[in-house]
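Remarks on the structure that follows.
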Amino acid sequence: MSDKPTLTSTSGAPYPTNNTAQTAGRRGPVLMQDHQLLEKLAHQNRERIPERTVHAKGWGLQGHFKVTKDISRYTCASMFSEIGKTTEVLSRWSTVAGERGAADAERDVRGFALKFYTEDGNWDMVGNNTPIFFVRDAYKFPDFIHTQKRQPKTNMRSPEAMFDFWAGQPESVHQVTILMSDRGIPETPAHMNGYGSHTFSMWNKDGERHWVKFHFKTHQGHDWLSDAKAAEIIGQTRESYQEALWNMIEEGKYPKWTMYIQVMTEEQALETDFNPFDLTKIWPHGEYPLIEVGELVMDTFPENYFQLVENAAFNVNNVVPGIGFSPDKMLQARIFAYADAHRYRLGTHYEMLPANQPKNAKVKHYHKDGPMRFFTNDFGNPDAYYEPNQYDGPVADETVAEPPLRIDPEAVAARFEQVEEDVDYVQPRALYEKVMSDEERDRLHKNMAGGMAPCTDGVKERWLAVLKKVHPDYEAGVRRALETGDHGDPSLPVTDDTPIKAAE
Ligand code: NDP
Ligand code: HEM
């Protein structure tokens with residue numbers, strides 16, 4: 001008998017073999033009664049769950065957040081209550097469009113999701129590595145995602161669809177500019193910032209509300225990959241991010257970010273010359289400076305990827321007292337989308353899976369039964385299964401209620417299309433003109449031209465017209481790269497060190 005632990009069935013019975021099927025005679029067929037074999041095959045058939053409809057490819061780490069500055073004047077959230085306080089965190093970074101098996105080094109926006117296991121329940125910051133987004137009305141999200149996924153007939157991704165859609169939604173040019181800039185392919189997830197992107201709110205112990213934006217700035221620098229370098233890496237490995245994170249943790253080089261907030265008063269929000277709840281807009285740092293909050297260090301590789309990263313259910317609904325929402329239309333839609341997606345992808349009681357279970361808060365609710373009901377409500381009294389009750393079942397605590405949200409008294413319910421093209425071009429213009437260097441602009445022109453090279457002339461011209469409204473040099477630079485073929489169309493031959501040229 002081996003001194004190793006005994007292999008068992010799922011019901012705990014010891015297995016006599018894990019190699020040899022039970023057959024009728026040496027050369028005969030397998031017997032139906034070999035239930036161990038049936039169990040093994042049946043489990044294999046159920047090893048996959050639906051992949052996320054977006055952000056399917058991801059990489060995760062565990063770590064900690066530590067408060068370094070006092071922001072209790074803005075929030076009563078317990079995780080920010082004192083300097084030095086630390087909170088456990090699970091991160092998941094992702095690409096948006098690719099499937100679960102997609103290559104890591106693809107040009108795409110990156111998801112930047114953090115789950116803080118606070119004493120008041122889990123706070124999820126489900127952001128991206130960009131401070132803004134492509135669209136500002138949730139009606140447009142499914143269509144946008146369709147353009148990023150596969151075309152129904154060819155079953156291939158379609159630049160024509162992407163640029164056709166963006167040309168019809170000029171507010172997307174801010175995000176597309178970032179996507180086509182150096183930050184469109186970070187070298188690893190450690191080499192990018194994270195942003196909550198939406199406007200959220202914070203309220204303090206006196207019930208005062210401020211609007212806030214969340215920023216996580218990388219300490220590793222914004223190292224990036226060119227299209228040519230990315231193509232080379234993808235030719236060698238599809239898992240370059242997973243490998244890089246593994247090596248960082250093995251070598252003790254733990255990736256680190258500083259968390260900041262930007263703060264806007266309710267009065268200031270009435271006076272901005274852009275809509276502060278529009279997800280296609282940033283808040284300029286000059287007017288709304290970054291306020292340091294703390295330090296995020298991710299230092300542990302999860303023991304089991306599927307259990308902790310694939311099963312992670314990040315949800316913008318997971319807010320805690322002291323942190324709330326804003327009127328941002330996209331944020332409001334996400335409040336529906338995530339829990340709905342998790343119930344479909346993971347099951348009814350997805351919050352009880354190890355990745356999602358609150359670690360530092362007690363869960364007490366009256367939801368009952370259903371699939372995955374493998375926990376007790378633990379109220380100490382089996383009769384307390386409805387509310388109100390005469391026993392000691394849990395009751396709501398009105399002191400944690402969010403302060404009332406001030407709404408324009410003149411407001412009427414209608415569908416307000418937000419068409420403000422002039423305002424939409426101001427911020428991408430600032431990025432292009434003031435933030436980027438000549439070299440960065442040159443690479444932006446080439447990356448953009450490479451991306452749109454396969455499109456028809458009609459789509460190209462419509463998109464070039466949008467770029468011209470941002471800045472005439474932007475349009476001229478991309479047009480030049482398109483005409484000369486001096487761009488990074490990955491379908492063209494790639495060499496190690498020479499700039500990519502179109503075939504003669
Ligand atoms: P600032 O000069 O104060 O900030 C510029 C910001 O741009 C910095 O946060 C910098 O990030 C970031 N940045 C630099 N290169 C890129 C790039 N290729 N893609 C995305 N971000 C980049 O100016 P403002 O706050 O007035 O903003 C000017 C423009 O910068 C905005 O219109 C917007 O397009 C962009 N931006 C602004 C942000 C904000 O929250 N205010 C955040 C990110 C971009 P870092 O400091 O980490 O290098
Ligand atoms: C994942 C919907 C906008 C960041 C998802 C998922 C859905 C979804 C259904 C898959 C969830 C899962 O199966 O676990 C939407 C809708 C949006 C929207 C309807 C707009 C109306 C955004 C925006 C951001 C964002 C603006 C960033 C600022 C993410 C991230 C993930 C994700 C990071 C992956 C989370 C993880 O790592 O598990 N989104 N999304 N989404 N979304 Fe969104």
Side-chain angles (χ1 to χ4, degrees), residues 49-60 90-96 109-115 124-142 144-145 173-175 177-184 192-198 213-219 221-222 224 257-258 260 262 274 279-290 309-316 328-346 350 355-356 425-437 440-441 443-444 470:
I49 58 173
E51 66 174 34
R52 289 164 175 81
T53 180
V54 282
H55 296 261
K57 181 73 190 280
W59 322 273
L90 173 71
S91 65
R92 183 173 179 275
W93 302 285
S94 48
T95 43
V96 179
V109 169
R110 265 61 177 167
F112 197 111
L114 302 172
K115 192 181 282 293
D124 291 0
M125 209 287 312
V126 200
N128 278 338
N129 70 332
T130 61
I132 46 155
F133 199 66
F134 298 90
V135 292
R136 57 180 161 225
D137 194 305
Y139 265 95
K140 293 170 184 166
F141 183 79
F144 164 63
I145 294 300
V173 71
H174 197 184
Q175 175 82 322
T177 300
I178 295 179
L179 176 64
M180 296 297 171
S181 78
D182 293 342
R183 294 197 187 184
M192 61 191 196
N193 289 347
Y195 303 89
S197 309
H198 299 277
K213 294 265 194 198
F214 299 117
H215 299 251
F216 291 81
K217 282 207 178 214
T218 175
H219 282 228
H222 292 281
W224 50 274
W257 289 261
T258 299
Y260 300 88
Q262 282 179 295
F274 59 93
L279 183 58
T280 64
K281 305 287 180 293
I282 54 89
W283 296 355
H285 292 140
E287 291 162 66
Y288 306 95
L290 294 176
V309 183
E310 189 59 14
N311 268 350
F314 292 92
N315 189 343
V316 285
D328 180 329
K329 299 176 196 190
M330 293 282 284
L331 177 60
Q332 294 286 330
R334 293 179 75 198
I335 289 167
F336 159 73
Y338 288 75
D340 184 54
H342 300 148
R343 288 186 194 107
Y344 159 70
R345 185 170 70 83
L346 299 167
Y350 67 90
N356 307 319
Y425 300 125
V426 171
Q427 295 192 352
R429 188 175 302 131
L431 177 62
Y432 180 83
E433 204 173 26
K434 302 202 177 99
V435 178
M436 289 185 179
S437 65
E440 286 172 315
R441 275 190 288 268
R443 291 194 292 267
L444 168 69
V470 176

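Ligands are counted one by one from 1 in listed order, and the atoms in each one are counted from 1 as well.
Using a 4.0 Å heavy-atom cutoff, G127 is listed among the residues neighbouring ligand 2. Remark: distances from the non-hydrogen atoms of Y195 to ligand 1 include one below 4.0 Å. At a 4.0 Å cut-off, at least one heavy atom of H174 sits close enough to ligand 1 to count as contact.
Of the protein's heavy atoms, R345 NH2, 3.0 Å lies nearest to atom 14 (O) of ligand 2. For atom 35 (C) of ligand 1, the closest non-hydrogen atom on the protein side is L431 CD1, 3.9 Å. Nearest protein heavy-atom neighbour of atom 28 (C) of ligand 2: S197 OG, 3.4 Å. Among protein heavy atoms, the minimum distance from atom 38 (O) of ligand 2 is reached at R52 NE, 2.7 Å. If you check which protein heavy atom lies closest to atom 22 (C) of ligand 2, you get R334 NE, 3.2 Å. The single protein non-hydrogen atom nearest to atom 37 (O) of ligand 2 is R92 NH1, 2.6 Å, given as residue, atom name and distance. Nearest protein neighbour of atom 43 (C) of ligand 1, counting heavy atoms only, is P131 CG, 3.4 Å. Counting protein heavy atoms only, atom 32 (O) of ligand 1 is closest to Q427 O, 2.9 Å. Of the protein's non-hydrogen atoms, F141 CD2, 3.4 Å is the one closest to atom 19 (C) of ligand 2. Shortest contact from atom 41 (N) of ligand 2 to any protein heavy atom: Y338 OH, 2.8 Å. If you check which protein heavy atom lies closest to atom 32 (C) of ligand 2, you get H55 CD2, 3.2 Å. Looking only at heavy atoms of the protein, atom 46 (O) of ligand 1 is closest to K217 NZ, 2.5 Å.
The backbone N or O of S197 sits less than 3.5 Å from a side-chain atom of K213, completing a donor-acceptor pair. Of the possible polar contacts, one joining the T130 side chain to the I132 backbone as a donor-acceptor pair under 3.5 Å is found. Judged purely by atom type and a 3.5 angstrom limit, R110 has no side-chain atom pairing as donor or acceptor with the backbone of S94. A donor-acceptor contact shorter than 3.5 Å is absent between the side chain of D124 and the backbone of V316. A side-chain donor-acceptor contact under 3.5 Å links N356 to the backbone of A313.
Relative to atom 37 (C) of ligand 1, the option among I178, D182, I282, I132 with the closest non-hydrogen atom is I282. Of the options A341, A312, P142, the smallest heavy-atom separation from atom 11 (C) of ligand 2 is shown by A341. Looking at V435, L179, L444, it is V435 that brings a heavy atom closest to atom 2 (O) of ligand 1. Remark: among candidates M436, H215, H285, R183, the nearest residue to atom 14 (C) of ligand 1 is R183, based on non-hydrogen atoms. Counting heavy atoms only, N193 comes closest to atom 47 (O) of ligand 1 of the residues N193, T177, T130.
Taking all atoms of both residues into account, the shortest heavy-atom contact from I178 to L431 is CG1-CD2, 3.6 Å. Of all the heavy atoms in G111 and N128, the pair that sits closest is CA-OD1, 3.4 Å.
Side-chain contact between F112 and M125 is present, with at least one heavy-atom pair separated by less than 4.5 Å. Residues N311 and L346 are in side-chain contact: their nearest non-hydrogen atoms beyond the backbone lie under 4.5 Å apart. Taking the side chain as every heavy atom from C-beta outward, Y260 and K217 approach each other to under 4.5 Å. For the pair T280 and Q175, the minimum side-chain heavy-atom distance is 4.5 Å or more.
Those atoms of ligand 2 with a heavy atom of L279 less than 4.0 angstrom away are 26 (C). Under a 4.0 Å criterion applied to the non-hydrogen atoms of N128, ligand 2 contributes the atoms 4 (C), 24 (C), 27 (C), 28 (C). Taking every heavy atom of V54 and a limit of under 4.0 angstrom, the matching atoms of ligand 2 come to 1 (C), 5 (C), 6 (C), 7 (C), 8 (C), 39 (N). Listed by number with element, the atoms of ligand 2 under 4.0 Å from a non-hydrogen atom of G111 are 33 (C). Set against the non-hydrogen atoms of P284, the atoms of ligand 1 under 4.0 Å away are 25 (O), 26 (O). Less than 4.0 angstrom separates some heavy atom of F133 from each of these atoms of ligand 2: 26 (C). Residue H342 has at least one heavy-atom neighbour below 4.0 Å for each of these atoms of ligand 2: 12 (C), 14 (O). Which parts of ligand 2 touch T53 is read off a 4.0 Å heavy-atom cut-off, strictly below it: atoms 9 (C). Of all the atoms in ligand 2, the ones that sit under 4.0 Å from a non-hydrogen atom of H198 are 26 (C).
Looking at K434 against ligand 1, nothing comes within 4.0 Å, counting heavy atoms. For S181, every heavy-atom contact with ligand 1 shorter than 4.0 Å involves the side chain, none the backbone. Heavy atoms of W283 found under 4.0 angstrom from ligand 1 belong exclusively to the backbone.
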**Message:** Walk me through whether V109 and L179 qualify under side chain to side chain contact (heavy atoms under 4.5 Å, CB included).
**Reply:** CA-CA 6 Å; V109 169; L179 176 64; 4.3 Å; yes
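Ion pair E310/R52 flagged as a salt bridge, since at least one NZ, NE, NH1 or NH2 atom sits closer than 4.0 Å to an Asp/Glu carboxylate oxygen.
For F216 and W257, the gap between ring centers reaches or exceeds 6.0 Å.
A cation-pi contact links K115 to F314, judged by a cut-off of 6.0 Å to the six-membered ring centre and 45° from its axis. Annotation: cation-pi pair R441/Y432 present, NZ/CZ under 6.0 Å from the ring centroid and within 45° of its normal.
When only modelled atom types and interatomic distance are considered, Y195 and N193 share a side-chain donor-acceptor pair under 3.5 Å. No donor-acceptor contact under 3.5 angstrom links the side chains of H55 and R92, judged on distance only. Looking only at atom types and distance, the side chain of T258 has a donor-acceptor partner in the side chain of H219 under 3.5 Å away.
Backbone and side-chain nitrogen or oxygen atoms of H222 are examined, and one is located within less than 3.5 angstrom of a nitrogen or oxygen of ligand 1.
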